[in-house]
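Note sheet for the following structure.
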Amino acid sequence: MAPSWPLLLLLLLCLAGGGILQPRAQPDSKGFISIDCGYPGETSYMDDTTMLSYSPDIGFIDSGTNHNISGEYVRPLLSRRAHNLRSFPDGARNCYTLTSLVSGLKYLIRASFVYGNYDGLNRPPVLFDLYIGVNFWMAVNMSSWSDPAGGVVTAEAIVMVLDDFVQVCLVNTGAGTPFISGLDLRPLKTTLYPQVTAAQGLVMLARLNAAPTNKTYIARYPDDPHDRIWFPWYDAVNWAEMSTTQTVQNIENDLFEAPSAVMQTAITPQNASKNIEFYWDAEPKPNDPSPGYIAIMYFSELQLLNGNDVRQFYVNLNGNPWYPTGFTPQYLSNGATYNSYPSHHSRYNISINATSNSTLPPIINAVEVFSVVPTTNIGTDSQDATAVMAIKAKYQVQKNWMGDPCLPKNMAWDMMNCSYATPNPSRITSINMSSSGLTGDISSSFAKLKALLYLDLSNNNLTGSIPDALSQLPSVTVIDLSGNKLNGSIPPGLLKRIQDGSLDLRHGNNPDLCTGSNSCLLATKRKNKVAIYVAVPILVILVIVSAAILVFFLLRRRNQQQGSMNTMTAVKPQNEEAMSTTSYGGGDGDSLRIVENRRFTYKELEMITNGFQRVLGQGGFGRVYDGFLEDGTQVAVKLRSHASNQGTKEFLAEAQILTRIHHKNLVSMIGYCKDGEYMALVYEYMAHGTLREHIAGSDRNGACLPWRQRLQIALESAQGLEYLHKGCNPPLIHRDVKATNILLNAKLEARIADFGLSRAFNHDTDPVSTNTLVGTPGYVDPEYQMTMQPTTKSDVYSFGVVLLELVTGKPAILSNPEPTNIIHWARQRLARGNIEGVADARMNSGYDVNSVWKVAEIALKCTAQASAQRPTMADVVAQLQECVELENGRAVYTGGGSSSVDDPNWSHGAYTSGQSSNVSDNTAFEMEHRVPTVVTGPAVR
Ligand SMILES: *[C@@H]1O[C@H](CO)[C@@H](O)[C@H](O)[C@H]1NC(C)=O
Ligand SMILES: *[C@@H]1O[C@H](CO)[C@@H](O)[C@H](O)[C@H]1NC(C)=O
Ligand SMILES: *[C@@H]1O[C@H](CO)[C@@H](O)[C@H](O)[C@H]1NC(C)=O
Ligand SMILES: *[C@@H]1O[C@H](CO)[C@@H](O)[C@H](O)[C@H]1NC(C)=O
Ligand SMILES: *[C@@H]1O[C@H](CO)[C@@H](O)[C@H](O)[C@H]1NC(C)=O
C-alpha cells in the first residue's frame, strides 16, 4: 500500500537542499567561501552587483580589529567588501581558518588588500608576509604599487590542501601592521593545473582575457565556474580584435578549462605580417632570488577558414621556439600551451610568429602567468592540530594560539611542546595549561592528542567529571588535574593505568572528587538535588529497605504460588546491584551514569508537597502531587493511596525498575518513600504533562503541537522503549504504552512513564505469563490478547497507536459516529492515498506531506496483526530518525536563498592600480629549456 513516490520526493528534497546565507564559516553549495574581512555584521550579505554571498569574518578568526577605510578612498568602483578591513596590531602571526574542505583537492585562494588610510596615519604598511598553512605564499608590499593608499592589491594562489582545513596567515615582519580586506576560497578539480602538486603551488602574476568586446568586462563566476578573475587585455594600436558569439568548447580532460566567455575573443596583429609580442619580468624575492614561472597560453580558432587557409604559429620564449613544429588552433575548441616545469629568467619575452606555411597571422585568446612556490613544509599532524584548535575554541585561549601549533618553531603555540621528527609531521607532546583560568569541563579533545606525554591542567576552575577517554592516550605518563572543581570518580580506564604504574594522575585539591572509597558511588549528576542529604548511612538504610522489598516479594510470590490462581512474576534484578541504591544505567553511551535514590519520610513528603496540596494527576494507585525539594527542584510525588491494596505490586515493580534502569527518555526517579503504610515515588517534574493532553490541545495554552515537535516526541519515546527492549537484560516489556504514559518536560522532551505493569521477559528461563490481561483499551496487541503472552512486539503495537495519535490528533478510540479503533480508521483512509484526510487538520498543513506519510506507514507496520510482521523498536527508532533528519533538512532548505557571483569592480581596481604595467602589450620575448607539454584540440578527423 505504501506508494513509493513520496519517499522519492522526500529524497529529492533532501538532495536539493542548498545555499543559505549562513553567518558562519561553511563553504556554500559550490564549495565557495567568500569573506568580507572586518565586516561588522553577524550575517552574510548578498552583494547586489555580483550576487555572491559574503560572510563576515567572525567565524574564521578571533583576533584583530575592524576598521573602515577613510571616506576619501570609497570610490564608486570599489566594492562594498573593500570598505572595511581587519588589521592585526598584536601578535606576530594572525590566521584565518577555513574549514570543511576536502583533503587532497586543489583550491584557489585569493586575498585582497585596500589600505584606504584606515588608521588615519597615511602610511600603508611597507611589507608583511602571507602564509598558506606553514608555507610562505608571498610578501604583500603596498608601497610598490602605483597607488599604495587607495589601490587594491590582490594575492592569489592555487594549492593542494592536504587537510580538511586550511589556514591563511598574516605575519608581521616589523614593517607595518598587517591587514586584510577580503578572502576567497574556490575548489578546483584535482586534474586541473597539473603543475600544482602536494609539493608546489602557483602564485598568480597575471590572468588576462584578450580583447573582450566590452572593454570593462571582467570575466569570473558564473562565466567562469571556477571564479577565476580574467582581466581585459587589449591594445587598439597594435592589435586587431576577433570574436565569435558561438561557444568555445572545453576539450576532453581539459587541464585548464578556460571559460568560453574568455575564449570567444582573441587578438591578432594589426599588421598581418607582424608578431604578437609581450613580456613580463621576474620578481625576485628575498627567500627566492630566481623564482620559477609557469605560463599558460590559450588558443582557439574563432573563424571558419576557407579551403586553403592555414593558421599556424610558433610560440617563442626569449627568441627560442617553445613549440618547434608550429601550433594550429582548433575551431571553437580550447587549446593551450604551457610549461610543466618552472622556467627561470629575469625577463620573459614572448613572441608568437606565423610559420612559413601559415596564410593567416597568429592569434592568442588568453594568458595566465604564475610563479611557483614550494609547499613542502608539512604542518603539525592533522589530528593533533584539529584537537588543539577545538581546545582553543572551547577555552577561548588567546595567547599566540594562531596558525599551526608547532610551526614555524619560533611561532609555536605557548603552553605546549612539540616533537620535530622530520620528515614526519610535528606532534604535540606536552600541554601545560596550569593556572590558565580554564572553566567548564575537561575537553574530550585532549584525548585525541595521541602523542601526548604530559598534560597539566592544574589550578584552574575545571568542573564535571574526568573523561575516561584520557586513558586512551597511549604515551601519556603524567596527568595533573589537581586544584580544580572536578567531581565524580576516577574512571576505570585511568584507575587501571594508575594501578599498572603507567600513569601518574594527580588529582589533589578537588573537593568534590571521590577517590577510591565507596563515597564515590554517591557522587552523581543529580548531586545538586539530593546529595546534601546523601551520606553513607543512607546507603545502609537503602540496602536494608531493598532487602525488605525483596523479602516482601519472595513472601508474596510464595503466597501466590500457594494460592496458585494469580502468579505474579517480579522483575528479576538483573544483577546484585539492581536492588541496591546505586546502579549503572546502560544502553546508549551517554546514559551511563551512576544514580542513587533518596529515601523520603512521609513527613518530608508532606513538606515537599506543601501538605499534598496540588494534584498533578490521578492513577489507579493514587494521586500525583506537585512538590519542591529543599534546593528548589520541582518534583512529582506519586503517593499510593493506602486505601487501595491494589496498586502495591505495581508500585513496587515500578520502584524496582526505576532503581535499576536509567535513560534520558525514561522518566527518572529521584527517590521513594516507604514509611509505615505510606509508599510514594518521587520523580523528576514533567512540566508539560502528558502527550495525550498535548495532542488533544488541552495544554495550558491550548496550542497545537507542530509536526516537527510531534516527530521529535515520537523519536524520543521510541528511544525510551528501544532502551527497555534492548538496553535491559532481560528485556523489559512496558505493557502499557499509551499517550498518557508519555510525559513531556519543560523542553518538550519525551519520557516514558509508569512502569507499574512492566515485566521482565527472559526467553530462556522465565517466559512471562500471567492470567491477567493488562493494558489500556485501544492499545492492546491482539496477539497478546489471544495468547496472554506479552512480548516486546506488544509494546511496538501500542506505540504504533501512539504514532497514529500523533499523526491524526485523534484518540486511540474514536467515538464519533460510533466507537472505532484509530488503526482501522486510519488504515481505510491511507489505503485510498488520502493522507490529508488522516493528518491532524489543526496542523494547518504546516508539515511536509512525505514526512507525515512515512510516519503513518511506520505506524501501520507497528500495528500489523501478526507480531512477526511488526518492526522492532530499534527499526522504528532508525526510521523515525530518518524522518527527523529529513524534516530538519527541509528547514535548512527553506531557510534562505543561494549565493553566487562576486564583484568584478574591486578586482578590476587591482588590475588598474598595479598589474597592468607588468604584463602588457609590449615587444619581444624568449624561450623554455624543457620540451613543453602542449595541449591542442581533439584530433582533426
Ligand atoms: C564603519 O562604517 C559603518 C557604516 O558605514 C558603521 O556602522 C561602523 O560602525 C563603522 N565601523 C567603524 C569601526 O568605524
Ligand atoms: C560593459 O560591462 C560593464 C560591466 O560588466 C557594464 O556595466 C556595461 O554596461 C557594459 N557595456 C556595454 C556597452 O555592454
Ligand atoms: C619565427 O620564430 C622562429 C623562432 O624564433 C624563427 O626560427 C622563425 O624564422 C620565425 N619565422 C618567421 C616566419 O618569422
Ligand atoms: C609546411 O608544409 C610542408 C608541406 O606541406 C610540410 O612538409 C612542413 O612540415 C610544413 N611545416 C610546418 C611547420 O608545419
Ligand atoms: C575560580 O573562579 C573564582 C570565581 O569564579 C575565582 O575567584 C578564582 O580565582 C578562580 N580560580 C582559578 C584557579 O582560576
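The structure displayed is predicted, hence computed values, not measured ones. Every number for a ligand or one of its atoms is a count from 1 in the order of the listing. FYI, side chains are in, hydrogens and waters are out, and symmetry mates aren't considered; it's all heavy atoms of this structure.
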Checklist entry - Should Asn68 be counted as touching ligand 1, given the test is an N or O pair under 3.5 Å? => result yes
Checklist entry - Does atom 9 (O) of ligand 1 have a protein non-hydrogen atom under 4.0 Å from it? => result no
Next on the checklist: Among all the protein's heavy atoms, is there at least one whose distance to atom 5 (O) of ligand 1 comes out below 4.0 Å?
Outcome noted: no
Checklist entry - Do Asn417 and Ser430 pass the side-chain hydrogen bond (donor to acceptor under 3.5 Å, both in side chains) test, and can you show the C-alpha distance, the side-chain angles, and the key distance before you say yes or no? => result CA-CA 5 Å; Asn417 289 326; Ser430 88; 3.2 Å; yes
Checklist entry - Of all the non-hydrogen atoms in the protein, which one sits nearest to atom 13 (C) of ligand 1, and at what distance? => result Asn66 O, 3.9 Å
Item to check | Residues Asp414 and Lys392 bridged, charged N to O under 4.0 Å | outcome: no
Checklist entry - So, Tyr293 versus Glu283: side-chain donor-acceptor pair below 3.5 Å or not? => result no
Next on the checklist: Determine whether Phe136 and Tyr131 satisfy the following criterion, ring-ring contact (aromatic ring centres under 6.0 Å, His included), listing intermediate values before the conclusion.
Outcome noted: CA-CA 4 Å; Phe136 178 77; Tyr131 278 77; 5.6 Å; yes
